[in-house]
Amino acid sequence: MFRCVLTAAVLVLFACSTAAEAQQQTIGAPPEASNMKLVGSNDLQARSAYQPTIHHQGNRWIAYIGHHGGTDDVPAPVNPMTGKAEPNGTSIVDVTDPARPKYLRHLPGQEGKYESGGAQMVRVCDGKALPKGDPNAVYMLRTFGSEAHEIWNVTDPASPVLVTRIGGLKDTHKSWWECETGIAYLVSGAPDWRTRRMTQIYDLSDPARPQKIRDFGLPGQEPGSTGAVPTELHGPISTGPNGNRVYFGYGTDKDGILQIVDRDKLLNGPKQPTPDNLRYPEISRLPMSAFNGAHTTFPMLDMPIAEFAEDKDGKTRDIVMIVDETILNECGEARQMVWFADVTTETRPMIISSYTVPEASGRFCQRGGRFGAHSSNESMAPVYYKKMAFIAFFNAGVRALDIRDPYHPKEVGYFIPSITAATDKRCIPIEGGERCKVAIQTNNVETDDRGYIYIVDRANTGLHILELTGPARAVAGLPKNG
C-alpha cells in the first residue's frame with residue numbers, strides 16, 4: 001500500500017497518482033509473446049542498454065552491449081563484480097549457452113547521465129579479418145560517451161586492453177566498421193562543424209594506428225557555411241567494396257533523410273568539406289515526412305520477389321528498410337514506424353510499404369514510456385537476411401516481421417518481457433507535476449548466426465535472449481523443433 005504525505009491537497013493527489021501509476025504493472029507477471037519464447041536473460045547490472053553486438057569468438061559467442069549514461073537516481077550503478085560504483089559503459093557477456101548467459105566484465109564509460117555519458121555504440125572485428133590487424137586478436141570499437149571513440153583488444157573478453165583513442169569530440173553515436181577493409185564510419189561531433197553529429201571516416205585496418213580519411217556530412221553542416229543547418233546524422237550502414245554503397249540515415253523522429261552514397265567516391269574523392277565535395281559522392285536522397293526520422297537504414301539488395309517472378313523486368317529489387325526512432329513518452333508525438341523503400345532505380349527511391357504495431361492491440365499509449373519503433377537487427381547473416389527483420393518497439397517489445405515480400409511486410413511474432421524490480425519509471429509533465437509509469441522499453445535488437453534474437457532494455461531491465469517458435473520458424477527456414 002502506498003502512503004501519501006499530507007501537505008497540500010494538490011501535492012497529495014499528485015504524490016498518490018505518481019506512486020500508483022509507477023506500480024501499475026505487476027513485477028514478475030509473465031511476458032507477452034507469440035511465436036517467440038525466452039531462452040535466457042541477464043540483468044546487465046540494471047544499466048540502461050543500447051547497442052548489442054554478438055560475436056562468434058573461437059568456440060564461444062560473446063555479446064558486447066553498449067549502455068546509455070546513468071540516471072538522476074543512480075548515476076553510477078554498483079558493479080557487483082568489483083563492489084564499486086561505475087559509470088555505465090560496456091557489458092561483456094558470454095552467451096555460448098544462451099540459456100545461461102555469463103556476465104564477464106563491465107568496462108566503465110564516460111561519467112554522465114542519459115545521452116551525456118556511457119558508451120552506447122559497439123562494433124567488433126577479428127584481427128584476422130582486418131588487413132593489418134593482429135591475426136590472433138579480436139578488437140572492439142566503442143564510443144566513450146560524447147567525447148571519443150575507442151578501440152580495445154578483447155581477445156580475452158574478460159580482460160579488455162585499450163589500444164587507441166580518437167578524442168576531442170562533442171558527440172558520438174551509431175558508427176559502422178567494415179571488418180574486411182578496416183574502414184570505419186564514425187558518427188562524431190567535430191568541434192568546428194555546425195551540427196551535433198556528422199561522419200568522420202577512418203582507416204582502422206591497423207587498430208593501433210588510425211588514419212583519418214575525411215569528414216563528411218550534408219552541405220550546410222560544414223565549417224564556415226551559413227543559413228539553416230540540415231538535420232543531424234544518426235548512423236550509416238555500408239555494403240563494403242563489393243556493394244560500393246553507404247546508406248546514411250539522418251534525423252531521429254522528424255525530418256528524416258535516407259542518403260545513398262557511392263562508397264568509392266566517398267573514400268577517394270576530394271576531401272575538403274566544401275558543398276561541392278560533399279555532394280560529389282551522393283547518388284540520391286529520399287526525404288521523409290516532417291513527422292518521421294531515419295534511425296536505421298538497412299540495405300537488402302537484389303531481393304527476389306516471388307510476386308514478380310513471372311514478370312519480364314524487376315524480378316529482383318533493391319530494398320532499404322528505414323526505421324524511425326520514438327523520442328517522447330506516452331505517444332507525445334507522431335507515430336514512429338518502419339518503412340520500406342525500393343531503391344532499385346537509385347536516383348528515384350520510393351517508399352513502397354510501412355509497418356507499425358496496432359496501438360489498440362495492447363493499449364500501448366497508456367502503458368507508459370515510449371511506444372513506437374526504434375531500431376532493427378543489423379546482422380546480414382543468412383539465417384534471417386532478406387527473410388525476417390526484428391524491430392525494437394519500446395513498450396511493445398520486439399516484433400518479428402516476414403519481409404520476403406517487402407511490399408507487404410507481415411508481423412509473425414512478438415515478445416514483450418516482464419518488468420522487474422530494476423525496471424525504471426518513465427515520466428511525462430502534467431499540471432502540477434509529473435506522471436510516472438513503469439514499462440518495458442525494448443531499445444535495440446540483434447541476432448546471431450545461430451538464429452537467436454537478443455533484445456536489450458532502455459529502462460534497466462537487462463538482456464533477453466529469444467528464439468522463434470511455431471510458424472515463424474518456417475519463415476526463416478529453421479527446423480520445427482524450436
Side-chain angles (χ1 to χ4, degrees), residues 49-57 62-68 88-93 104-110 117-157 159-169 171-190 197-216 233-240 246 248 267 296 375 378-380 444 446 456:
Y50 185 72
Q51 181 70 27
T53 292
I54 319 303
H55 191 66
H56 192 190
Q57 199 159 323
I62 307 296
Y64 297 87
I65 300 163
H67 292 285
H68 298 283
N88 287 354
T90 308
S91 286
I92 304 176
V93 185
L104 301 177
R105 179 70 181 267
H106 174 252
L107 193 62
Q110 180 185 350
Q120 295 183 34
M121 188 63 228
V122 60
R123 302 291 187 191
V124 181
C125 287
D126 288 322
K128 63 186 177 183
L130 292 167
K132 300 176 184 177
D134 178 348
N136 298 312
V138 180
Y139 298 97
M140 178 185 74
L141 170 68
R142 74 167 188 169
T143 59
F144 185 82
S146 59
E147 67 185 40
H149 302 281
E150 297 179 335
I151 301 178
W152 290 74
N153 185 322
V154 290
T155 308
D156 178 357
S159 300
V161 177
L162 181 64
V163 176
T164 194
R165 194 170 211 258
I166 301 168
L169 306 175
D171 205 357
T172 65
H173 207 53
K174 204 167 191 282
S175 303
W176 186 265
W177 195 11
E178 299 174 0
C179 293
E180 72 274 28
T181 68
I183 302 299
Y185 307 84
L186 303 180
V187 179
S188 305
R197 292 174 182 163
M198 38 70 76
T199 305
Q200 294 187 309
I201 303 174
Y202 275 80
D203 180 349
L204 301 182
S205 59
D206 180 351
R209 297 172 179 82
Q211 301 294 318
K212 187 174 181 180
I213 296 175
R214 70 175 297 178
D215 289 336
F216 182 72
L233 175 70
H234 191 276
I237 295 180
S238 171
T239 62
V246 185
F248 290 88
L267 300 182
T296 307
S375 64
E378 296 177 359
S379 170
M380 298 181 189
N444 287 66
E446 190 52 285
V456 296

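The two residues Ile65 and Val93 have their closest heavy-atom pair at CD1-CG2, 4.4 Å. Considering all non-hydrogen atoms of both residues, Ser375 and Thr296 come closest at CA-OG1, 3.8 Å. The shortest heavy-atom contact between Thr172 and Ala148 is CG2-O, 3.6 Å. Contact between Thr53 and Val122 at its shortest, heavy atoms only, is OG1-O, 2.8 Å. Residues Leu141 and His149 approach most closely at CD1-CB, 4.4 Å, considering heavy atoms. For Gln57 against Pro157, the heavy-atom pair with the smallest separation is NE2-CD, 3.8 Å.
The main-chain N or O of Val187 is found under 3.5 Å from a side-chain atom of Ser175 such that the two form a donor-acceptor pair. For the pair His106 (side chain) and Gly89 (backbone), a donor-acceptor distance under 3.5 Å is present. No side-chain donor-acceptor contact under 3.5 Å links Glu150 to the backbone of Leu162. Here the side chain of Asp126 pairs no donor or acceptor atom with the backbone of Lys128 at under 3.5 angstrom. Between the side chain of Thr143 and the backbone N or O of Met121, at least one donor-acceptor pair lies under 3.5 Å. Looking only at distances, no side-chain donor or acceptor of Asp134 sits under 3.5 Å from a matching main-chain atom of Gly127.
Note that CD1 of Ile201 is 5.5 Å distant from CG of Leu267, once rounded to the nearest 0.5 Å. The line from CD1 of Ile92 to CE of Met140 is 5.0 Å long, rounded to the nearest 0.5 Å. Separating the CZ atom in Arg142 from the CG atom in Leu107 is a distance of 4.0 Å, to the nearest 0.5 Å. Rounding to the nearest 0.5 Å places CG of Asn444 at 8.0 Å from CD of Glu378. In this structure, the separation between CG on Asp215 and CD on Gln200 is 5.0 Å, given to the nearest 0.5 Å. Annotation: the span from Gln120 atom CD to Gln110 atom CD amounts to 10.5 Å, rounded to 0.5 Å.
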**Request:** Go through Leu104 and Ile62 one step at a time and tell me if the side-chain contact (heavy atoms from CB on, under 4.5 Å) criterion holds.
**Result:** CA-CA 9 Å; Leu104 301 177; Ile62 307 296; 4.2 Å; yes
**Request:** Test Asn136 against Thr155 for side-chain contact (heavy atoms from CB on, under 4.5 Å), laying out the working first.
**Result:** CA-CA 8 Å; Asn136 298 312; Thr155 308; 5.9 Å; no
**Request:** With side-chain contact (heavy atoms from CB on, under 4.5 Å) as the test, would you mind laying out the steps for Arg197 and Ser188 before giving the verdict?
**Result:** CA-CA 5 Å; Arg197 292 174 182 163; Ser188 305; over 6 Å; no
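The shortest distance between side-chain heavy atoms of Ile166 and Leu204 falls below 4.5 Å. In this structure the side chain of Ile213 reaches within 4.5 angstrom of the side chain of Ile183, judged on heavy atoms.
Open room surrounds CZ on Arg209; 12 or fewer heavy atoms of other groups in view lie less than 6.0 Å from it. Heavy-atom neighbours of Lys212 NZ from other residues, nucleotides or ligands within 6.0 Å: above the threshold of 12.
Using cut-offs of 30° and 60° on the angle between ring planes, the pair Phe248 and Tyr185 is perpendicular. Ring pair His173/Tyr50 is tilted by interplanar angle, where 30° to 60° counts as tilted.
Under a 4.0 Å N-O distance rule, the pair Arg123/Glu178 does not qualify as a salt bridge.
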